[in-house]
Amino acid sequence: MDIHAILPPKGRDLRLDLFRGIANWAIYLDHIPDNVVNWVTTRNYGFSDAADLFVFISGYTASFVYAKMMLERGFIVGATRLTKRVWQLYVAHVILFVIYIAAIGYVAQRYNDPDIINEFNVAGLVDNPIQTLTQGLLLKFKPLNLDVLPLYIVLMGLFPPVLWMMLRKPDLTMLASLALYFAARQFGWNLPAYPYGVWYFNPFTWQLLFVFGAWFALGGALESRSVIRSKVLLYFGIAYLLFSLVMTMAGRFPDTGHMIMPDWLFDAFNPNDKTNLAPYRVLHFVIIAFFVTRFVPKEWKGLEWPVFQPLIKCGQQSLAVFCVGVFLSFVGHFQLMMSSGSFLAQLFVSAAGIGIMTLVAYYISWSKKQDKPLPKPAAPAASAQQASPSKAAE
């Protein structure tokens, strides 16, 4: 088959790092309940949130990183490199999983608060620890807030054949992803969770955003350029974002929402179907992606502003920052439970967590630079002037 995908131009796209950093910060804040600071995150003002952004960017970056490798060195090499990345993600998940449940168990025992065990969905470890840990290693048992990384692992693990097809038939691959999305919603496909229920992030539906990210990176953005720059999308997109804001606010304040709109309209969008990635949620994110592509070009000088550097650095070290953020969200939640939970306490916990995540990102970036070999010193310059015959005779 001929290659029909279009690889992005060379050079790092700081927009991806910036928005991945935003997603990591937002996920941390959103995982702390009863925290007024998380009102700054996008989940309060529209249908999609940081999870949608994280999955989309993951598909986008995975596609152009490994697509080039597949084209230059073959499918087998590209697939093995993808598999290596999946293993790194799995190891990170296992380490986070063990530390997370150990911290929850320690806190519950230390402060004699068994309710934490139930709140964070780790009660099975008390009744049946061996089977529960085994199911955790199989990604079927997931404590509270540990849902995104298993989704990422599964999507990356199944990505090699998808990327192979995306390079050859990008539009057909995107249509196949869309068909799987609607089929999963229609027939209720999902993966089983342990000890009961299904995955909070349904991989059969959330794969749509991952594949959309890959399609967008490999020519979809160029193919959609006329739509992205059209006035129709501009007016419709603004109207839809405003509608999404109204419906989301109605869900946040249901008593007021039921008063100002009919029940059938309120119930159509509330609660927001995150597990199966509702179509209105997908549309909301696609419009935002198109708007960012239109109004924030890759060459935008604002990406070099110092105020964005901590976010960009967190985006560049996304995996470590994400894992640290998930653990810190538990620590922050517990601290608010044990303290007064005042606004100042919420502000401190939020700022401290983001500060620690940023320090981790800068440290890892610095540490990676230290692992690189130092540049070889330049060869000493030859003497510009040879000794004269008279001096040589002397």
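Between Trp189 and Phe187, the gap from one ring centroid to the other is short of 6.0 Å. The ring of Trp300 has its center closer than 6.0 angstrom to the ring center of Trp305. You'll find the ring centres of Phe243 and Phe269 inside the 6.0 Å limit. The aromatic ring centroids of Phe56 and Phe210 lie 6.0 Å or more from each other. With ring centers used as reference points, Phe212 lies 6.0 Å or more from Tyr60.
Ile6 and Leu167 sit in two unconnected hydrophobic clusters of ILVMFWY residues. Membership requires side-chain heavy atoms under 4.5 Å apart, directly or through other members. Hydrophobic clustering keeps Val198 apart from Ile153 (ILVMFWY residues linked when any side-chain heavy atoms are closer than 4.5 Å, directly or through intermediates). Taking hydrophobic clusters as Ile, Leu, Val, Met, Phe, Trp and Tyr residues chained together by side-chain heavy-atom distances below 4.5 Å, Tyr280 shares a cluster with Leu53. Both Val227 and Ile238 belong to a single network of hydrophobic side chains, linked directly or stepwise wherever heavy atoms of I, L, V, M, F, W or Y lie under 4.5 Å apart. Cluster membership for Leu137 and Val86, using ILVMFWY side-chain heavy atoms within less than 4.5 angstrom, is shared.
Proximity of Trp199 to Pro150: side-chain heavy atoms (C-beta onward) are separated by under 4.5 Å at one or more points. Side-chain contact check for Leu18 versus Leu303: some heavy-atom pair is nearer than 4.5 Å. Put simply, the side chain of Ile104 does not reach to within 4.5 Å of the side chain of Gln109, judged on heavy atoms. By the 4.5 Å heavy-atom criterion applied to side chains, Phe159 and Ser63 are counted as neighbours. Within the 4.5 Å cutoff, no side-chain heavy atoms of Arg225 are placed close to those of Phe290. Looking at heavy atoms from C-beta onward, Pro8 lies out of side-chain contact with Asp13 at the 4.5 angstrom threshold. Counting heavy atoms from C-beta outward, Thr205 and Leu180 have side chains that stay 4.5 Å or more apart. At a threshold of 4.5 Å between non-hydrogen side-chain atoms, the residues Tyr181 and Pro279 count as touching.
At a threshold of 4.0 Å, the pair Arg185-Asp273 counts as salt-bridged, since one of the basic side-chain nitrogens sits closer than that to a carboxylate oxygen. Lys368 and Asp371 are not joined by a salt bridge, as no carboxylate oxygen comes within less than 4.0 angstrom of a charged side-chain nitrogen.
Donor-acceptor pairing under 3.5 Å is lacking for the side chains of Thr41 and Asp49. Judged by distance alone, the side chains of Asn38 and Asp30 never bring a donor and an acceptor atom under 3.5 Å apart.
Not counting sequence neighbours, the partners of Lys369 by the side chain to side chain contact (heavy atoms under 4.5 Å, CB included) test are Ser365. Residues satisfying the salt bridge (charged side-chain N to carboxylate O under 4.0 Å, His left out) test with Arg85, not counting sequence neighbours, are none.
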Side chains of residues 320-338: which donor-acceptor pairs under 3.5 Å do they make with residues two or more places apart or in other chains?
unit_1: Ser329; atom_1: OG; unit_2: Val326; atom_2: O; d: 2.5
unit_1: His333; atom_1: NE2; unit_2: Glu119; atom_2: OE2; d: 2.5

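Here the side chain of Gln317 pairs no donor or acceptor atom with the backbone of Cys314 at under 3.5 angstrom. A donor-acceptor pair is defined here as one N or O able to donate and one able to accept, closer than 3.5 Å; such a pair exists between the side chain of Thr61 and the backbone of Ser58. Using modelled atom types, one side-chain atom of Ser230 and one backbone atom of Leu233 make a donor-acceptor pair closer than 3.5 Å. Between the side chain of Thr248 and the backbone N or O of Leu245 there is no donor-acceptor pair closer than 3.5 Å. Between the side chain of Trp206 and the backbone N or O of Lys274 there is at least one donor-acceptor pair closer than 3.5 Å. A distance-only check finds a donor-acceptor pair linking the side chain of Gln346 to the backbone of Val36 [under 3.5 Å]. Without hydrogens or angle criteria, Asn276 side chain to Ala278 main chain gives no donor-acceptor distance under 3.5 Å. Of the possible polar contacts, none joining the Tyr66 side chain to the Pro160 backbone as a donor-acceptor pair under 3.5 Å is found.
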Begin with the C-alpha distance, continue with both residues' side-chain angles, and end with the deciding distance and a verdict on side chain to side chain contact (heavy atoms under 4.5 Å, CB included) for Gln131 and Tyr194. CA-CA 10 Å; Gln131 186 174 0; Tyr194 178 86; 3.6 Å; yes
Working note: Arg168 + Ile3, criterion side chain to side chain contact (heavy atoms under 4.5 Å, CB included); need CA distance, chi angles, decisive distance, verdict. CA-CA 5 Å; Arg168 290 154 176 80; Ile3 301 300; 4.1 Å; yes
Could you check Phe285 against Phe47 for ring pair (Phe, Tyr, Trp, His ring centres under 6.0 Å), going step by step and ending with a plain yes or no? CA-CA 8 Å; Phe285 181 80; Phe47 296 135; over 10 Å; no
Test side chain to side chain contact (heavy atoms under 4.5 Å, CB included) on Ile101 and Leu133; report intermediate values, then the result. CA-CA 10 Å; Ile101 60 177; Leu133 286 173; 3.7 Å; yes
Verdict with reasoning, Phe141 to Val122, per side chain to side chain contact (heavy atoms under 4.5 Å, CB included): CA-CA 9 Å; Phe141 168 70; Val122 294; 4.2 Å; yes
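Classified by interplanar angle (parallel below 30°, tilted 30° to 60°, perpendicular above 60°), the ring pair Trp39/Phe253 is parallel. Aromatic ring pairs are classed by plane angle as parallel below 30°, tilted from 30° to 60° and perpendicular above 60°; the pair His258 and Phe266 is tilted.
Between Val37 and Leu347, the shortest heavy-atom distance links the atoms CG2-CA, 4.0 Å. Closest approach of Arg12 to Asp17, counting heavy atoms only: NE-OD2, 2.7 Å. Residues Ser48 and His284 approach most closely at OG-ND1, 2.7 Å, considering heavy atoms. Between Asp171 and Trp215, the shortest heavy-atom distance links the atoms OD1-NE1, 3.0 Å. Shortest non-hydrogen contact noted between Leu149 and Ala92 is CD2-C, 4.4 Å. Heavy atoms only, all atoms of each residue included: Ile287 and Gly237 are closest at CG2-CA, 3.7 Å.
Within a 6.0 Å sphere centred on CZ of Phe348, heavy atoms belonging to other residues, nucleotides or ligands number 12 at most. Around CZ of Phe295, the count of heavy atoms belonging to other residues, nucleotides or ligands within 6.0 Å exceeds 12. Within a 6.0 Å sphere centred on CG of Leu138, heavy atoms belonging to other residues, nucleotides or ligands number more than 12. Around NZ of Lys298, the count of heavy atoms belonging to other residues, nucleotides or ligands within 6.0 Å exceeds 12. Asp263 CG: more than 12 foreign heavy atoms inside a 6.0 Å radius.
In this structure, Tyr200 OH and Leu151 CG are separated by 12.0 Å, a value rounded to the nearest 0.5 Å. Distance check, rounded to the nearest 0.5 Å: CG of Leu14 to CD of Glu304 gives 7.5 Å. Atoms NZ and OH, from Lys142 and Tyr100 in turn, are 13.5 Å apart once rounded to the nearest 0.5 Å. Atom-to-atom distance recorded for Asp52:CG and Arg281:CZ is 4.0 Å, nearest 0.5 angstrom. Rounded to the nearest 0.5 Å, atoms CG (Leu155) and CD (Gln207) are 7.5 Å apart. One finds the CH2 atom of Trp366 at 6.0 Å from the OH atom of Tyr363 (value rounded to the nearest 0.5 Å).
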